**Student:** 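I'd like to ask some things about the structure below.
Worth saying up front: this structure is predicted, and the values here are computed from it rather than measured. A note on names: the letters A, B, ... follow the listed sequences, proteins ahead of strands, and every chain is numbered from 1.
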Number of protein chains: 2
Amino acid sequence: MAAEARRGYAKGRAKRGEILDQAMALFGEAGYRGASLRVIATRCGISHPGLLHHFPTKESLLLAVLEHRDEVDGEWLGLGGATGVQRLGGFAALAELNATRRGIVELFCVVSAEATSADHPAHAYFVRRYARSVSDAERAYAQAREEGALRDGVDPALAGAQLIALMDGLQVQWLLSDGATDMAGVLRAHLQAQLTVRL
Amino acid sequence: MAAEARRGYAKGRAKRGEILDQAMALFGEAGYRGASLRVIATRCGISHPGLLHHFPTKESLLLAVLEHRDEVDGEWLGLGGATGVQRLGGFAALAELNATRRGIVELFCVVSAEATSADHPAHAYFVRRYARSVSDAERAYAQAREEGALRDGVDPALAGAQLIALMDGLQVQWLLSDGATDMAGVLRAHLQAQLTVRL
DNA sequence: CCTACCGATCGGTAGG
DNA sequence: CCTACCGATCGGTAGG
């Protein structure tokens with residue numbers, strides 16, 4: 001009985017994870033508005049009211065997908081103990097990892113663009129996310145300056161916004177060129193030109 | 001009779017232009033998939049079959065909107081006679097102009113992200129558009145090099161992809177920050193760091 | 001340019 | 001988790 005209950009919960013959690021994966025893929029392919037609960041549910045082998053048992057609304061599903069990604073990727077940036085230069089290199093390393101995960105790149109590229117509309121359900125999420133990304137980059141530059149590794153004339157605030165913008169724009173080019181754009185290479189060249197030491 | 005015919009054609013052309021303007025705005029607000037012909041038609045004061053009299057399908061309307069923008073903005077870049085440095089400055093000037101036209105920025109930001117899907121009706125359009133933008137930027141850098149205005153270590157091909165990526169990424173940040181991001185300022189700082197002369 | 005309609009699909013609910 | 005259904009909305013067509 002206890003074993004059955006545990007198996008039951010485990011099965012529910014597994015299905016929940018499967019829904020998050022399939023939803024991430026379809027939100028990336030078609031955007032939030034273009035994706036339908038029925039298609040996501042079918043890909044998980046359940047009906048769409050079955051999906052709504054796990055996530056009560058389409059909006060809650062989108063937010064769960066975004067939060068799930070942040071949990072999984074949270075350790076990639078903002079790691080304590082690293083030098084500023086290492087943290088800047090981490091942005092390029094993240095781009096390198098992303099080049100192996102088209103679904104995730106599509107998700108953030110397509111949904112962040114959709115979410116520039118003030119009435120989009122993920123608008124507040126992306127406003128917060130960009131503010132944090134830009135300030136993370138800015139702090140990494142400021143730390144590199146303290147380490148004497150930053151070239152004169154590079155302003156951490158400007159450079160932070162620049163770095164995040166560059167990463168986003170490269171993702172669009174990478175998706176449109178079917179993977180031909182070397183995101184990490186372009187990023188490393190950009191960072192190298194701002195630093196006095198090798199990356 | 002000739003006058004009446006001329007007035008009739010003029011009215012048709014005016015309505016066509018009104019449809020293109022309203023379609024541009026709604027495609028930007030809601031994306032291609034999220035925009036509906038009925039809403040666009042209502043904003044123009046006609047029924048949606050009325051709209052379909054001017055543009056036979058939703059897809060043809062989207063492509064007409066994109067081509068209309070290219071015609072209007074075509075002269076901003078690729079102007080003959082300018083120096084490479086002036087043409088690079090033109091990219092920043094375009095960003096400055098775009099900061100006064102939220103609807104146009106939304107259109108390209110949202111629809112280009114949607115169009116990364118291979119089955120999107122504007123996919124081929126954006127693949128072509130990016131290839132041309134990147135090579136325009138690349139040629140401007142190569143020209144600046146010939147003028148002796150480009151710093152050592154700046155590779156025109158890399159720098160071209162970088163500049164276009166930066167412009168796109170800044171547009172997302174500008175839209176999400178409700179106009180607080182200084183697109184032209186960040187771009188000018190980026191260009192200035194690559195040049196040996198004042199912009 | 002219109003009204004009226006087509007079949008398809010949407011997110012969500014009822015009731016089990 | 002299911003079937004069956006709700007009202008709303010979609011792009012496009014018929015016929016005028």
Side-chain angles (χ1 to χ4, degrees), chain A residues 4-27 29-65 110-111 114-115 117 119-122, chain B residues 4-27 29-65 110-111 114-115 117 119-122:
Chain A
E4 252 174 49
R6 246 181 286 120
R7 210 174 53 226
Y9 287 141
K11 212 177 138 191
R13 269 199 308 275
K15 184 57 78 179
R16 219 185 116 93
E18 190 182 349
I19 293 170
L20 287 174
D21 284 346
Q22 297 292 349
M24 180 192 76
L26 193 65
F27 284 144
E29 288 166 33
Y32 173 72
R33 292 182 177 106
S36 90
L37 297 179
R38 282 169 172 84
V39 171
I40 297 167
T42 299
R43 290 189 185 184
C44 298
I46 60 176
S47 66
H48 91 275
L51 190 158
L52 289 166
H53 168 74
H54 294 276
F55 301 94
T57 64
K58 189 183 184 183
E59 188 173 327
S60 72
L61 176 58
L62 174 64
L63 295 177
V65 166
V110 174
V111 180
E114 262 187 324
S117 288
D119 63 346
H120 191 283
Chain B
E4 251 175 49
R6 247 182 285 121
R7 208 175 53 225
Y9 286 141
K11 210 177 141 193
R13 270 200 306 275
K15 185 56 80 177
R16 220 186 114 93
E18 191 182 349
I19 292 170
L20 287 175
D21 285 346
Q22 297 291 350
M24 181 194 75
L26 194 64
F27 285 145
E29 288 166 34
Y32 173 72
R33 293 181 178 107
S36 91
L37 297 178
R38 281 169 173 85
V39 171
I40 296 167
T42 300
R43 291 189 185 183
C44 298
I46 60 176
S47 66
H48 91 275
L51 189 157
L52 288 166
H53 168 74
H54 294 276
F55 302 94
T57 63
K58 189 183 183 183
E59 188 173 328
S60 72
L61 176 58
L62 174 64
L63 295 176
V65 166
V110 174
V111 180
E114 262 187 324
S117 287
D119 63 347
H120 191 282

**Student:** Quick one: NE2 on His120(B) to CD on Glu59(B), what's the gap to the nearest 0.5 Å?
**Tutor:**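 It comes to 9.0 Å.
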**Student:** Ala30(B) and Ala35(B): which non-hydrogen atoms are nearest, and at how many Å?
**Tutor:**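 So the two residues come closest at CB-N, 3.9 Å.
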**Student:** Summarise how protein sits on nucleotides 6-16 of chain D as a single string, 5' to 3': B when a protein heavy atom is under 4.0 Å from the base, S for sugar-phosphate-only contact, - for no contact.
**Tutor:** ----BBBB---
**Student:** Whole angstrom is fine here: how far is it from CD1 in Ile46(B) over to P in dC1(C)?
**Tutor:**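 That distance rounds to 5 Å.
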**Student:** For Glu29(A), is there an ion pair with Arg43(A) - N to carboxylate O distance below 4.0 angstrom?
**Tutor:**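 Salt bridge: yes.
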**Student:** Does any N or O in the side chain of Lys15(B) come within less than 3.5 Å of the main-chain N or O of Cys44(B), such that one atom is a donor and the other an acceptor?
**Tutor:**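 Answer holds: yes.
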**Student:** Rounding to an integer number of Å, can you tell me how far Lys15(B) NZ sits from dC1(C) C1'?
**Tutor:**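 Distance, rounded to whole Å: 10 Å.
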**Student:** Suppose we screen for ring-ring contact (aromatic ring centres under 6.0 Å, His included). Which residues come up paired with Phe27(A), at least two apart in sequence or across chains?
**Tutor:**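 Tyr32(A).
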**Student:** Considering all heavy atoms of both residues, which atom of Leu51(B) and which atom of Ile46(B) are nearest to each other, and what is their separation?
**Tutor:**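 The pair with the smallest heavy-atom distance is N-CD1, 3.5 Å.
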**Student:** Specify the closest pair of heavy atoms between His54(A) and Arg16(A), including all atoms of both residues, with the distance to one decimal.
**Tutor:**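 Here His54(A) and Arg16(A) meet closest at O-NH1, 3.9 Å.
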**Student:** Return the stems involving DNA chain C, sorted by first number, where pairs are Watson-Crick (N1-N3 with N6-O4 or O6-N4) or G-U wobble (N1-O2 and O6-N3), both under 3.5 Å, and runs are 3 or more long.
**Tutor:**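 When the pairs of DNA chain C are grouped into runs of at least three, the stems are C:1-16 with D:1-16.
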**Student:** For dC2(D) and Ser47(A) - does any side-chain N or O of the residue sit under 4.0 Å from the phosphate oxygens OP1/OP2?
**Tutor:**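 Result: yes.
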**Student:** How far apart are the closest heavy atoms of Leu63(A) and Pro121(A), and which atoms are they?
**Tutor:**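 Leu63(A) and Pro121(A) have their closest heavy atoms at CD2-O, 4.0 Å.
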